[in-house]
*Asks:* 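Just passing along the structure, written as structure tokens.
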2 protein chains.
Amino acid sequence: MFNLILSLNMEQNRYNQITITDIAKALKINPSTVSRALSDSSVVKSSTKKKIKEYAVKHNYQPNYAARSLQKKKTHTICILLPKIVVHEFFGKILLGVQREAQKHGYRCLILPTNYDLHKEINEIKNLLNGGTDGIIMSYQSDGTSDDYVNELIERKIPLVFVDIAPPNLKVSKVIIDDIHAGYMATKHLLEAGASQIACISGPRNVINLQRVQGYQKAINESKSNLNTDLIIFNEKIIEGEQLGMVCSEKLLKKYPQLDGVFATTDMLATGLIKVAKKQNLRVPEELKVIGFSNWAISMLYEPSISTVDQPGFEMGMKAAQLLFSKISATSKVSEETVIIKTKVIRRESSKVN
Amino acid sequence: MFNLILSLNMEQNRYNQITITDIAKALKINPSTVSRALSDSSVVKSSTKKKIKEYAVKHNYQPNYAARSLQKKKTHTICILLPKIVVHEFFGKILLGVQREAQKHGYRCLILPTNYDLHKEINEIKNLLNGGTDGIIMSYQSDGTSDDYVNELIERKIPLVFVDIAPPNLKVSKVIIDDIHAGYMATKHLLEAGASQIACISGPRNVINLQRVQGYQKAINESKSNLNTDLIIFNEKIIEGEQLGMVCSEKLLKKYPQLDGVFATTDMLATGLIKVAKKQNLRVPEELKVIGFSNWAISMLYEPSISTVDQPGFEMGMKAAQLLFSKISATSKVSEETVIIKTKVIRRESSKVN
DNA sequence: AGAAATAATGCAAACGTTTGTATAATAATT
DNA sequence: AATTATTATACAAACGTTTGCATTATTTCT
């Protein structure tokens, strides 16, 4: 009879999960003691602690997230806002890094794909603010016209860390690469491989691209060869990726037949470029040396394999999460920190020395 | 003075979020009425409802997830267990589909990358069981030796839906494709394109591959040409992807120079195959027609572009989520359902008619 | 042995919701 | 106008934890 009542009582519990109160009743101890025992408080006698813990593992006790969150005013959830995880393997790697780190801290990870359009997703973010998340990791994907949402996050003192791209005029924590330096190294690699007439193709004039191009310019300037600024091509975003690479390369290669090197600011631009070069019977790398950017999987698989700059996404994600957790657990305000992750040039066929 | 106390009171609240109790106090109404008003209960007078709602939006009220979860015994979180989101764009698409659907239901989405090794991650799953999640969508990535964890989920009556791959001998809900039919259609496409000596290369003998190969056999049998079972090559998992494709194609193409078509059970195998074919000066598609499987981005970008079978991941994800929510909201047990999503052959250069 | 100090446990309130039931206010009926 | 029926609100308990404080049990000291 007593058993019946007990089991009915437990039945109420979702999926038959045992609670602290259940343990307390079973052991005729107060719930508070059980709670303290389970969190290894030094205040409870080791013999009772042992008894409680044994019972807990035997009955597979798992703490109730919601109750703990409510009490502690912590969600044990952080949030990652990233654009289009689907196609973007780089962001996928960031994600893995963050998740690995979150797990260490006993945190869960919520992922929101943002489609490059944060403005529309502000409601989603607001929703997160109350009991939704303890902190946010995001990539700044704005045209810079309105940073209101970032400001709101800062005002509310939500722990916040940017990865890859950060708002340029705000004091925030961020984990980024040195795009200027990376562009510089990429271009220098082409020069060292024997190219001297080097063009640069890029997407729209956003922070990232501008910096990579700036690095390109620096390398060209150092190399005494006069930089023809016509050889820098920005492309506003109508099409993108490989298609964009094809369209802009078509003109470029026609107009400058003397070209023997191209720095593409993304790997996809590079594949488009090479496709066009082949069509025009330009041999890569013999007649045209190419380097891309990001080290996407395709750059290795393509024929010829494409030299590129490796962006260590996993490491960036881990570092970002570490920063975030230092903020979450900080008692007083912690200063904003910028971490710059090292990139390196990956040499492949597309820029082989003749 | 009163204001001070009030603001101090609200200060306690994380990130200055207003609560139902705050609204109640401010409006001198009982919290229960506020709660009912906000959930549009017909029992509260429309004038008070209006008053409450106005105050709520004005002060940007957002319900507290934890409190609601605790009370309702629902987490409003579902969980997706998927292998290696990073490289697997197909799984990325599933993810997007699930997330889209979850949002509709006011649910949040937790993603766990599983590295194809669920056994080791059972603890993670167990952790989810208590207050962790209301339901799970997963892809069955087991060698079939021990399905204990699946059984446990079923026993505990956790709403559960499989996508892409499901355990073969258990009665579960699943959203899959008809791999036999897809393999059949792919092979038939090669036959129609003019190939007659068709081989099949595949990864390890798992459920998926076996079925695709079975489809291949059916198509070959129908075509009166005698099926040479030597032309079916399984590869146990030592290396994988493109590398595997290269290694096994090398031998195959040498041994059977009369071959004029290959069905590869994944796109990555196909890229490896084509790379080798090129090296051996075999022209694709003129001398060798190739079709892959899954329609990964690379199959379109490769040169030549690779014919393949499209697996509509997004749709599969959405459907899986719909099934899951029907389970979550069901009052009584709902029967296990199998949804088969249609695939289609995508014709590209690699299988063009001469 | 008795007082004082320390250790171990129990009690109760709180976190922000929701919901069954009781009460109060209003409207409809006689 | 008094009774009943209806509608609207208030009360209180509950969800599973945690934690300051009170209480009880144990040890240490004189």
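Quick note on labels: first sequence line is chain A, next is B, and so on, each numbered from 1.
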*Asks:* Val44(B) near the nucleic acid: base, sugar-phosphate alone, or nothing, with a heavy-atom cut-off under 4.0 Å?
*Replies:* sugar-phosphate
*Asks:* The side chain of Lys72(B) is closest to which nucleotide in this list: dT17(D), dT19(C), dT17(C)?
*Replies:* dT19(C)
*Asks:* How would you label the contact of Ser69(B) with the nucleic acid (heavy atoms, under 4.0 Å): base, sugar-phosphate, or nothing?
*Replies:* nothing
*Asks:* What is the distance, to the nearest angstrom, from the CD1 atom on Ile29(A) to the P atom on dA25(D)?
*Replies:* 15 Å
*Asks:* Would you mind checking if Lys53(B) and Asp40(B) are paired as a salt bridge, meaning a charged N to carboxylate O distance below 4.0 Å?
*Replies:* yes
*Asks:* dT19(C) C1' sits how many Å from Lys74(B) NZ, rounded?
*Replies:* 16 Å
*Asks:* Should Ile18(B) and Asn60(B) be marked as a side chain to side chain contact (heavy atoms under 4.5 Å, CB included) after you check the CA-CA gap, both sets of side-chain angles, and the distance that decides it?
*Replies:* CA-CA 7 Å; Ile18(B) 196 181; Asn60(B) 193 25; over 6 Å; no
*Asks:* Heavy-atom contacts under 4.0 Å between residues 33-40 of chain A and DNA chain D, which residues?
*Replies:* Ser35(A), Arg36(A)
*Asks:* Which comes earlier along DNA chain D counting from the 5' end, the contact point of Gln71(B) or that of Thr48(B), where each point is its nearest nucleotide?
*Replies:* Thr48(B)
*Asks:* With heavy-atom distances below 4.5 Å as the criterion, would you say the side chains of Glu337(A) and Lys327(A) are in contact?
*Replies:* no
*Asks:* Any ring-ring contact (aromatic ring centres under 6.0 Å, His included) involving residues 36-60 of chain A? Give me the pairs, sequence neighbours left out, ordered by first then second residue.
*Replies:* Tyr55(A)-His59(A)
*Asks:* Which of the following nucleotides, dC15(C), dT18(D), dC11(C), is nearest to the side chain of Ser32(A)?
*Replies:* dC11(C)
*Asks:* If I take atom CD1 in residue Ile20(A) and atom C1' in nucleotide dG10(C), what distance separates them, rounded to the nearest angstrom?
*Replies:* 15 Å
*Asks:* Checking Ile176(A) against Asp164(A) for the side chain to side chain contact (heavy atoms under 4.5 Å, CB included) test, could you report, in this order, the C-alpha distance in whole Å, the side-chain angles of both residues, the deciding distance, and whether it holds?
*Replies:* CA-CA 5 Å; Ile176(A) 52 177; Asp164(A) 190 37; 6.0 Å; no
*Asks:* Name the one of Val339(B), Leu324(B), Ile137(B), Ile341(B) that satisfies side chain to side chain contact (heavy atoms under 4.5 Å, CB included) with Val163(B)?
*Replies:* Ile137(B)
*Asks:* Closest-nucleotide mapping onto DNA chain D: is Leu70(B) or Asn30(B) further toward the 5' terminus? I mean the 5' end.
*Replies:* Asn30(B)
*Asks:* Distance check needed: dA10(D) C1' versus Lys45(B) NZ, whole Å only.
*Replies:* 14 Å
